[in-house]
Amino acid sequence: MTNPLLRIDSLPAFDEIRPEHVAPAIDALLQASDEALERAVGPDVPSDYDAVSAVLDTASERLHRAWGAVGHLNAVADTPELRAAYTAALPKVSEQSSRHAADERLYAKYKAIAQHAASLSQPRAKALSNAMRDFVLAGAELQGEAKQRFQRLQELQADLSQKFSEHVLDATDGYAYYASEDELQGVPDDARQAALAAAQAEGKPGHKITLHFPSYFPVMQYGSNRALRERLYTANVTRASELGPAEQDNTEVMRELLRLRQEEAALLGYQSYADVSLVPKMATSPKQVLDFLRDLARRARPYAEKDLAELRGFARDQLGLPDLQAWDVPYASEKLKEARYAFSDQEVKQYFTEPKVLEGLFHIIETLFEVSIRPDSAPVWHPSVRFFRIERASGATDGSPELVGQFYLDPYARPGKRPGAWMDDVCGRWARPEGWLQKPVAQLVCNFTPPAPGRPAVLSHDDVTTLFHEFGHGLHHLLTRVDDIGVSGISGVEWDAVELPSQFMENFCWEWEVVKRLTAHVDTGEPLPRELFDRMLAAKNFQSGLQTLRQVEFSLFDMRLHAEPGSEDRIETLTNEVRNEVSVFKPPAFNRFAHSFSHIFAGGYSAGYYSYKWAEVLSADAWGAFEETAGESGVLNAQTGRRYLQTVLEVGGSRPAMDSFKAFRGREPTIDALLRHQGMG
């Protein structure tokens, strides 16, 4: 038990886990999981939900925790040694996962349990129903060679997804340009200073600009040097493609992944991988998704055309850019926004200091959901990571609070950390067979610019929105009251509904009563002035037409890629077809966005990227309930918050997402709220 990955009944010992711990721990846990399967399918374990869970879920949970810790470190603290250990263990974990998921004996046991499903509680019945569906999707009804091939496909896809991620990370980490002071005209001081410090840390002259977002985007948004913008844009959109180093090229990885996904669909008797992907989702067919996206594109197009015409006119008349190019768009857009609304993102950023934002965010959560958030302690993987606990009044005679859940917060970008922002679970809420209640633990990860020495980090308004978004996922996981592990928190929630709580939280970032509490100027401590907020609000839907079409373009590309067999041989052609159909501004021919589209090739969103737009419909409509009950104190209506908590967050995946939405809203969602919120209705 000296191996920290085997001490996983409590929080992971992130500070002790080393690459050499991975193989022995995972091998031992895989063996224990195999032994548990043999016991569960044997004659000594009756066809009873609790009896099977006590044997099987206990072993699989230990493996999930240990492997989750390794995968997490691989994403936030990547080293060559850890990557090698992770990559070596990945095929074994994938092989067992697919083998257990398709085990005929276990499937037979669950079928026997299902005969008595009427006696089960609703959450347990839903978990059982999901399990039966997942057995079929995992190939449990396949026989002989078909079954063996199906399991092999799972291993190959896991390996390729990991390779895709590695190529994107290596291409991102591997690029640097050392700019002179003159080349950084217009770039904000904090970004310039960070770039200077990064170069000095390497003993190099100039300012180090990388493709990590906090380094890259300020140059694209504010830098007046057009040649530098073009250079960085080109490097960014050709990452992990045939236009860069061959060892990082994702071209064949994408093709092979698509081929394998299509083969999997055919083995299961489906026409396309998109059809398979939609089985556990709210949407019922690829056609339904395509119709939804095209309807949204049709409605947004006039607004997008107007946005682009205004931008082109402004760039021509005010910036001397008669031929607006892709690398000019963030810069020209920022200048137009400043001219029209008389503020810059950089000006706003000075008011959103990280401590104040967190304080305000926690206040919202505490007010609406009747909990409290307190600092807590746990081993962490980096000094900048913090740990918290969520508590609620327990009614205990001694007045002691009840622990609801705990979470890690890892806010800053750094080398070896995957780009983007995400929430992941360490463990879920579960009434364990041993007789105690396991409380949920989450990881909330962002990639903000780290603070300058002796000063708090400052966040852009987009950063604040991202933080609220990830906390929405975290609350969905942490505030559940469901005790069945398969449907507690985010587990078992349809993928195209899982973004509802996250996008819902973003709305708070546009409420004056909330924003007041989120802001304190980094130098003066003054809150954001109301008139500046009003200008931000006026600019809220700036270019919403263009932004909507961009998301529709990605979603349409993803769905067509997975709904049209043979698409692996025409990825670029398909990209252009989608652009021609919905885009009003075509990027240059060398743009290879698909090669770093990690969401669909390595992030679980294959044939599911549309979920973001669909969930926006759900979240905008849900937010309407808070708008309708707003009073003198704004939208922080505790009664509406309690209703949302009880009908959506607490029930987790224990019932269909549409049932939860209707329980909260009293009806099915409509697209009108989204269009109205985005200034297009």
Side-chain angles (χ1 to χ4, degrees), residues 237 272-275 277-278 281-312 324 326 329-330 333 494-500 502-503 506 540-564 567 570-589 591-594 597 599-601 605-621 623 668-681:
V237 302
S272 72
Y273 184 79
D275 291 287
S277 173
L278 292 179
K281 294 184 171 74
M282 290 179 79
T284 54
S285 69
K287 182 182 183 303
Q288 185 188 29
V289 174
L290 293 170
D291 288 349
F292 162 68
L293 292 171
R294 285 174 169 140
D295 179 42
L296 193 52
R298 178 181 57 78
R299 298 196 196 201
R301 190 176 189 87
Y303 297 93
E305 287 172 340
K306 182 167 169 281
D307 289 342
L308 184 60
E310 287 177 349
L311 186 64
R312 281 199 163 122
L324 188 75
V329 170
S333 297
E494 297 96 318
W495 197 262
D496 43 0
V498 85
E499 296 294 335
L500 160 59
S502 53
Q503 292 179 344
E506 294 181 24
K540 176 176 182 258
N541 293 318
F542 178 64
Q543 297 186 342
S544 62
L546 280 174
Q547 288 167 6
T548 297
L549 285 195
R550 182 172 178 266
Q551 288 298 102
V552 170
E553 181 186 321
F554 292 166
S555 304
L556 208 52
F557 169 75
D558 166 47
M559 186 50 66
R560 286 193 57 190
L561 199 63
H562 291 99
E564 299 175 11
S567 63
R570 51 191 303 272
I571 295 173
E572 282 305 311
T573 306
L574 190 58
T575 304
N576 291 326
E577 286 176 9
V578 169
R579 282 178 180 153
N580 289 336
E581 179 181 354
V582 298
S583 179
V584 294
F585 184 79
K586 307 292 190 300
N591 182 298
R592 295 287 185 272
F593 93 95
F597 198 176
H599 275 80
I600 70 168
F601 290 111
Y605 277 87
S606 44
Y609 197 79
Y610 76 91
S611 302
Y612 283 103
K613 293 316 290 183
W614 173 240
E616 277 184 50
V617 172
L618 300 176
S619 66
D621 202 336
W623 181 251
E668 291 198 356
T670 70
I671 200 171
D672 301 345
L674 173 64
L675 294 171
R676 177 172 56 81
H677 272 215
Q678 297 187 342
M680 297 187 291

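Enclosure of atom NZ in K586 by more than 12 non-hydrogen atoms of other residues, nucleotides or ligands within 6.0 angstrom is indicated. Taking a 6.0 Å sphere around NZ of K287, one finds it holds 12 or fewer heavy atoms contributed by other residues, nucleotides or ligands.
Side-chain atoms of K613 and F292, non-hydrogen and from C-beta on, do get closer than 4.5 Å to each other. Within the 4.5 Å cutoff, side-chain heavy atoms of Q503 are placed close to those of Y612.
Using modelled atom types, one finds no donor on one side chain facing an acceptor on the other under 3.5 Å when comparing Y610 with D558. With hydrogens and angles left out, the side-chain atoms of Y609 and H562 include no donor and acceptor closer than 3.5 Å. A donor and an acceptor atom, one from each side chain of S502 and E499, are located under 3.5 Å apart. Side chain to side chain, S333 and Q543 meet the donor-acceptor criterion of an N or O pair below 3.5 Å. Judged purely by distance below 3.5 Å, without hydrogens or angles, the side chains of N591 and R579 pair a donor atom with an acceptor atom. In the model, S272 has a side-chain atom that pairs as donor or acceptor with a side-chain atom of D275 under 3.5 Å. A donor atom on one side chain and an acceptor atom on the other are not found under 3.5 Å apart for Q678 and Q547.
Using a 4.0 Å cut-off between a side-chain N of Lys or Arg and a carboxylate O of Asp or Glu, R294 and D291 do not qualify as a salt bridge. A salt bridge is defined here as a Lys NZ or Arg NE, NH1 or NH2 lying under 4.0 Å from an Asp or Glu carboxylate O, and D295 with R299 meets this definition. Salt-bridge formation is not detected for the pair E553/R550: no Lys NZ or Arg NE/NH1/NH2 atom is positioned less than 4.0 Å from an Asp or Glu carboxylate oxygen.
With rounding to the nearest 0.5 Å, the separation of CG in D496 from CG in L278 is 7.5 Å. Separating the CG atom in N541 from the CE atom in M680 is a distance of 7.5 Å, to the nearest 0.5 Å.
Ring pair F597/Y605: centre-to-centre distance not below 6.0 Å. Ring pair F554/F593: centre-to-centre distance below 6.0 Å.
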Check against side chain to side chain contact (heavy atoms under 4.5 Å, CB included), R592 and V237: CA-CA 6 Å; R592 295 287 185 272; V237 302; over 6 Å; no
Side chain to side chain contact (heavy atoms under 4.5 Å, CB included) evaluation trace for S555 with M559: CA-CA 6 Å; S555 304; M559 186 50 66; over 6 Å; no
Working for side chain to side chain contact (heavy atoms under 4.5 Å, CB included), residues F542 and E310: CA-CA 11 Å; F542 178 64; E310 287 177 349; 5.7 Å; no
Verdict with supporting geometry, E494 and W614, side chain to side chain contact (heavy atoms under 4.5 Å, CB included): CA-CA 12 Å; E494 297 96 318; W614 173 240; over 6 Å; no
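Of the candidates L293, L556, L561, V552, L556 is the only one forming a side-chain contact (heavy atoms from CB on, under 4.5 Å) with V578.
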